[in-house]
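Throughout, protein chains are lettered first and strands after them, A, B, ... in sequence-line order, and every chain is numbered starting at 1.
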Amino acid sequence: MSINFYNTLSRRQEEFQPLEEGVVKMYTCGPTVYNFAHVGNYRAFVFEDLLRRYLEFKGLRIIQVMNITDVDDKIIKAANQKGISIDEFTEPYRQAFMEDLATLGVEPAEYYPLATEHVSDMVALIETLLEKGIAYKTEDGSVYYKVAKFPRYGQLANLNVTEMRRGKRVADDSYEKEEVRDFALWKAWKPEDGDVFWETALGKGRPGWHIECSAMSMKYLGQHFDIHTGGVDNIFPHHENEIAQSEASTGEKFVNYWLHCEFLLMNDEKMSKSLGNIVYLRDLVKKGYHPAAIRLTLLGTHYRLKLNFTFEKLEESGKIITRLRDFKKSLEGEFPVGDLRVAEITRKCVTDFTTALDDDLNISNALAALFTFMHEINSFRLTNPLSQVDAQAINALLDRIDSVLNILKEPAEEFSIEERQLIDARNKARQERNWAEADRLRKLLLDKNIVLEDTPKGTTWKRKL
RNA sequence: GGCGACGUACCCAAGCGGCUAAGGGAGCGGUCUGCAAAACCGUUAUGCACCGGUUCAAAUCCGGUCGUCGCCUCCA
């Protein structure tokens with residue numbers, strides 16, 4: 001069975017066919033590290049993680065590159081204001097980004113290239129564009145891309161650039177260029193840049209934003225690779241410009257499949273700094289929201305749909321995870337020897353799960369397959385005790401599914417001495433049939449987010465997510 | 001002005017011309033339990049923003065209206 005993706009380039013769903021058998025080369029646009037990334041940013045990274053993990057689930061080897069943009073106008077300005085180097089300025093944000101990815105259970109990419117460490121690659125690419133007459137130098141020493149030389153410009157964004165309205169932002173651009181739509185490849189040094197510059201064959205200056213992705217993607221993945229992703233706001237101008245730069249320089253097709261993730265909304269508006277409706281991952285974790293619940297919230301809505309972020313969704317996700325983990329836990333321990341009788345149920349689950357994700361990562365149907373599976377197993381075991389091989393088969397399937405979702409792994413739960421004492425005291429009261437005291441302690445523990453469950457095998461306890 | 005996405009139950013959400021409109025959360029009734037919790041069983045849309053049209057058949061296709069959100073050189 002083949003995977004199908006909605007390709008922004010063709011505006012339709014296409015069967016995925018990697019250039020090289022069994023290997024997927026993908027470039028996922030990373031963060032600009034001038035601040036902490038917010039949960040809206042992380043939606044895209046979690047989507048890319050789902051994409052990556054599902055391709056691996058299908059048996060493909062992944063080579064993923066995620067750039068870290070550690071030089072741009074805002075970074076230079078902020079670093080100069082603080083009187084520190086851009087490296088010192090971005091370091092804590094680079095670190096925080098990696099920590100956040102780990103918190104969200106994102107599988108690491110093979111490469112996280114820094115823009116500042118690839119300036120020579122960018123300069124080489126710009127030189128090629130200058131040689132081919134696609135780029136031009138202005139009096140101040142900056143280099144621009146001549147959009148008029150690239151007839152396909154606008155194909156990805158489906159924009160007719162010559163009829164574009166002059167946006168506010170264009171007027172703000174202080175650099176001189178021949179046409180409004182031309183964009184900067186190299187920005188000549190200006191006094192306000194301070195110490196931030198590179199002495200190169202192009203002169204003293206620094207690279208434009210778009211060129212880093214062209215240079216670094218082609219360096220690690222080759223001139224023509226499989227998948228390129230980002231948020232929908234990257235479609236134009238960023239990805240459009242990447243295509244223009246790369247294809248004009250190599251004469252080859254740049255990327256086969258462009259996948260774009262929709263926005264996360266907060267109060268029905270795009271979550272963004274300028275609107276001031278930002279939520280940071282670390283703040284959510286501090287507030288007690290479980291990372292897996294945050295991951296599921298970001299993961300649980302199809303990537304091409306806008307996702308309205310609410311605390312209700314986080315709580316709902318927490319409940320779902322609790323339910324799934326309880327189910328998994330119920331499969332631990334000894335089971336009687338016997339035949340495999342759940343084969344039909346597991347087989348159906350695998351089919352439904354893969355059919356769903358093959359269809360442009362239809363996560364809703366994939367999760368529905370998992371819930372239906374859990375329901376069917378629970379229903380089955382009510383009258384047919386599971387055998388050891390049944391339990392093994394179910395566990396194996398859950399692990400396989402979780403290699404994609406990554407929400408089931410239970411971190412070792414730690415309880416304080418005080419909490420343990422309360423649990424013991426409650427068990428003692430219960431043994432003594434002192435129900436009033438047992439209930440009081442159970443309520444006390446619940447207020448501490450510890451849930452007690454009395455089962456025929458004894459009392460279990462866990463933290464509420 | 002140009003381009004695009006979306007509107008399905010109390011909430012989230014699947015659906016891609018044809019079975020009783022998936023699944024989850026929440027609520028309600030029941031089984032189990034010292035009582036709970038979990039689990040299980042049952043239940044909650046004669047209707048898919050609205051108005052027309054095509055068709056034997058429309059949530060699904062076409063046209064229009066309304067509403068929400070986004071992109072148009074910082075943006076995941």
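Salt bridge status for A/Lys443 with A/Asp447: present, with a side-chain N to carboxylate O gap under 4.0 Å. With respect to A/Glu419 and A/Arg463, a salt bridge is recorded, a charged nitrogen being found less than 4.0 Å from a carboxylate O.
For the atom pair CZ (A/Arg43) and CG (A/Leu264), the distance works out to 6.5 Å, reported to the nearest 0.5 Å.
Nucleic acid contact class of A/Lys313 (heavy atoms, under 4.0 Å, all strands): sugar-phosphate only. Within 4.0 Å of A/Glu262, counting heavy atoms only, lies at least one base atom of the nucleic acid. A/Arg440 comes within 4.0 angstrom of nothing in the nucleic acid, heavy atoms only. Within 4.0 Å of A/Glu312, counting heavy atoms only, lies no atom of the nucleic acid at all. In this structure, A/Phe371 reaches the sugar-phosphate backbone alone: every heavy-atom distance under 4.0 Å involves primed, P, OP1 or OP2 atoms, never a base.
Counting to the nearest Å, the C1' atom of B/G4 and the CD atom of A/Glu240 are 14 Å from each other. Atom-to-atom, CG of A/Leu386 to P of B/C40 comes out at 13 Å; the value is rounded to the nearest Å. For A/Asp360 and B/A14, the CG to C1' distance is 14 Å, given to the nearest whole Å. Distance, A/Glu453 CD to B/U33 P: 16 Å, rounded to whole Å.
Residue pairs that meet the salt bridge (charged side-chain N to carboxylate O under 4.0 Å, His left out) test with at least one member in residues 287-308 of chain A, sequence neighbours left out, are A/Asp49-A/Arg295, A/Glu262-A/Lys306, A/Arg304-A/Asp360.
Both thresholds, 5.5 Å between centres and 30° between ring planes, are met by A/Trp435 relative to the base of B/G34, so the two rings are stacked.
Between A/Asn362 and B/G15 there is a side-chain polar atom (N or O) within less than 4.0 angstrom of OP1 or OP2.
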